[in-house]
Trainee: 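My structure is below; once you've seen it, I'll send some questions.
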Amino acid sequence: MKKIVMLYGQNHKGSTYNIARMILEKIEGEKTVAEFFFPRDLNHFCQGCYSCIEDMKLCPFYEEKEKIIKAIDEADILIVATPTYCMHMSAPLKSFFDLTFDMWMPHKPMESMFSKKAVIVSTAAGAGTKSTIKDVKDCLFYMGVPYIIKYGINVQAMSFTGVSEKKKQKIDKDTSAIARKLSSDSKPHVGIATKFMFLMMRISNLKGLNSSVSETEYWREKGWLDKNRPWK
């Protein structure tokens, strides 16, 4: 049973939503799905209080974040979908990542993130999907996700119904290929870049260069300051 979490950077169901759903529906096997829309399911901006660094439950918005974080923690696959807004990810999705920055490798990453697969979907009427996808990829990388598929397409339309049939045929073919990759039950391989970043953060904790003592305690409790690693 695959557990899949869908994170949408918009409330409306346009081209990006429809393409993400096509990927979801083509993933083989039994699956459970949790969907979250931003800003509908988390309509706040990070206040920069750093309370989450000491304890994520101290975040003033933790009650709303909790169910999202729990679903992500339990998921096998993350599908992150955002339209391109002014060449970058949507503000509501960026706000979600801001509100979960304590889960990044420089702070207190969740062990489960190092065994997940993810796909990033972005559409634009014209240009901008490349920079949008990079925004999201950077966030997922720093959270520890080792396997990330990128899919951006310029739909040249303001709604999915306005997308040409030729373009829809390409999307159908592309989404089928992506779904095949996500359908595999094989565990994703943690690459050199992730291991290197993790090592740098480990050294930072050992030398007391991190932002909080609680972060070092978190790493010590996980055994990461010794020989334990989240991908083993």
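Sequence positions, counted from 1, serve as the residue numbers for this chain. What you are looking at is a predicted structure, and each value in this text was computed from that prediction instead of being measured.
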Trainee: Applying side-chain contact (heavy atoms from CB on, under 4.5 Å) to Phe101 and Cys139, what does each step give before you reach the verdict?
Mentor: CA-CA 8 Å; Phe101 84 100; Cys139 293; over 6 Å; no

Trainee: Testing the basics here: between Ser51 and Cys59, what is the closest heavy-atom pair and its distance to 0.1 Å?
Mentor: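 Nearest heavy atoms, Ser51 then Cys59: CB-N, 4.4 Å.
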
Trainee: Report yes if some heavy atom in the side chain of Thr216 is under 4.5 Å from a heavy atom in the side chain of Leu225; otherwise report no.
Mentor: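 SC-SC contact between Thr216 and Leu225 confirmed.
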
Trainee: Evaluate Met105 against Thr194 for side-chain contact (heavy atoms from CB on, under 4.5 Å), listing each step before the verdict.
Mentor: CA-CA 9 Å; Met105 278 190 274; Thr194 300; 4.2 Å; yes

Trainee: Measure the NZ-CG distance between Lys13 and Asn18 for me, rounded to the nearest 0.5 Å.
Mentor: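 The CG atom of Asn18 is 9.5 Å from NZ of Lys13, to the nearest 0.5 Å.
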
Trainee: Can you list the steps and then say if Gln47 with Phe61 is a side-chain contact (heavy atoms from CB on, under 4.5 Å)?
Mentor: CA-CA 10 Å; Gln47 297 180 347; Phe61 314 120; 3.6 Å; yes

Trainee: Between Trp219 and Phe198, is the gap from one ring center to the other below 6.0 Å?
Mentor: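 That pair passes the under 6.0 Å test.
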
Trainee: Within this structure, what is the CD-CD distance for the pair Glu215 and Glu54, rounded to the nearest 0.5 Å?
Mentor: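 Glu215 atom CD to Glu54 atom CD measures 8.0 Å (nearest 0.5 Å).
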
Trainee: Find out whether Asp76 and Met1 are in side-chain contact, i.e. whether some heavy atom of one side chain is under 4.5 Å from a heavy atom of the other.
Mentor: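 Not touching, per the 4.5 Å side-chain cut-off.
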
Trainee: Considering all heavy atoms of both residues, which atom of Ser95 and which atom of Cys46 are nearest to each other, and what is their separation?
Mentor: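 Looking at all heavy atoms of both residues, the closest pair is OG-N, 4.5 Å.
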
Trainee: To the nearest 0.5 angstrom, please state how far the CD atom of Glu28 sits from the CG atom of Asp185.
Mentor: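 Here the rounded value is 10.0 Å.
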
Trainee: Heavy-atom distance under 4.5 Å between the side chains of Lys70 and Asp73, does that happen here?
Mentor: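 When only atoms from C-beta onward are counted, Asp73 and Lys70 do not touch, as no gap falls below 4.5 Å.
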
Trainee: Decide yes or no for Met201 and Trp104: does some side-chain heavy atom of the first lie under 4.5 Å from some side-chain heavy atom of the second?
Mentor: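 Result no, sub-4.5 Å side-chain heavy-atom pair not found.
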
Trainee: Taking atom CZ of Phe114 and atom OG of Ser112, what is their separation to the nearest 0.5 Å?
Mentor: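 Phe114 CZ to Ser112 OG: 9.0 Å, rounded to 0.5 Å.
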
Trainee: Please find the pair of heavy atoms, one from Thr82 and one from Thr16, that lie closest to each other, and give the distance.
Mentor: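 Looks like N-CG2, 3.4 Å.
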
Trainee: Take atom OH of Tyr151 as the centre, draw a 6.0 Å sphere, and report whether it contains more than 12 heavy atoms from other residues, nucleotides or ligands.
Mentor: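 Yes, OH of Tyr151 has more than 12 neighbouring heavy atoms, counting only those of other groups under 6.0 Å.
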
Trainee: Verify side-chain contact (heavy atoms from CB on, under 4.5 Å) between Phe45 and Asp98, making sure each step is shown before the conclusion.
Mentor: CA-CA 8 Å; Phe45 293 106; Asp98 289 345; 5.8 Å; no

Trainee: Quick check for you: to the nearest 0.5 Å, what is the distance between Ile72 atom CD1 and Lys65 atom NZ?
Mentor: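 The NZ atom of Lys65 is 10.5 Å from CD1 of Ile72, to the nearest 0.5 Å.
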
Trainee: Quick one: are Met56 and Thr100 in side-chain contact, heavy atoms under 4.5 Å?
Mentor: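 Contact flag for Met56/Thr100 side chains = no.
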
Trainee: Hey, are Thr84 and Thr129 close enough side-chain-wise for a donor-acceptor pair under 3.5 Å?
Mentor: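 Result is no, nothing qualifies.
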
Trainee: With the side chain counted from C-beta on, respond yes when Met113 and Leu78 share a heavy-atom pair under 4.5 Å apart, and no when they do not.
Mentor: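 A side-chain contact exists here, since the closest heavy-atom pair is under 4.5 Å.
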
Trainee: Can you tell me if NZ on Lys134 sees more than 12 non-hydrogen neighbours from other groups inside 6.0 Å?
Mentor: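 Counting neighbours around NZ of Lys134, 12 or fewer heavy atoms of other residues, nucleotides or ligands fall under 6.0 Å, so no.
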
Trainee: Carefully, step by step, assess Lys26 and Asp172 under the rule salt bridge (charged side-chain N to carboxylate O under 4.0 Å, His left out).
Mentor: CA-CA 10 Å; Lys26 292 176 180 180; Asp172 182 59; 2.7 Å; yes

Trainee: Once rounded to the nearest 0.5 Å, what's the spacing between atom CG of Asp102 and atom CE of Met143?
Mentor: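 Taking CG in Asp102 and CE in Met143, the distance rounds to 8.0 Å.
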
Trainee: Side chains of Glu35 and Tyr8: donor-acceptor distance under 3.5 Å anywhere?
Mentor: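 Yes, Tyr8 and Glu35 have a side-chain donor paired with an acceptor closer than 3.5 Å.
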
Trainee: Honestly curious: do Ile27 and Val121 fall in one hydrophobic cluster under the side-chain, below-4.5 Å linking rule?
Mentor: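 The answer is yes; both residues are in one hydrophobic cluster.
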
Trainee: Going by heavy atoms in the side chains, are Cys49 and Pro60 under 4.5 Å from each other?
Mentor: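 In short, these two side chains touch, coming nearer than 4.5 Å.
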
Trainee: Verify the distance criterion only: is there a donor paired with an acceptor across the side chains of Gln156 and Ser164 at less than 3.5 Å?
Mentor: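 Short answer, no.
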
Trainee: What pair of heavy atoms forms the shortest contact from Val145 to Ala118, and how long is it?
Mentor: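 Answer, listing the atom of Val145 first, then Ala118: CG1-CB, 3.9 Å.
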
Trainee: Should the pair Lys168 and Phe160 be classed as cation-pi, given the thresholds of under 6.0 Å to the six-membered ring centre and 45° from the axis?
Mentor: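 Pair Lys168/Phe160 counts as cation-pi.
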
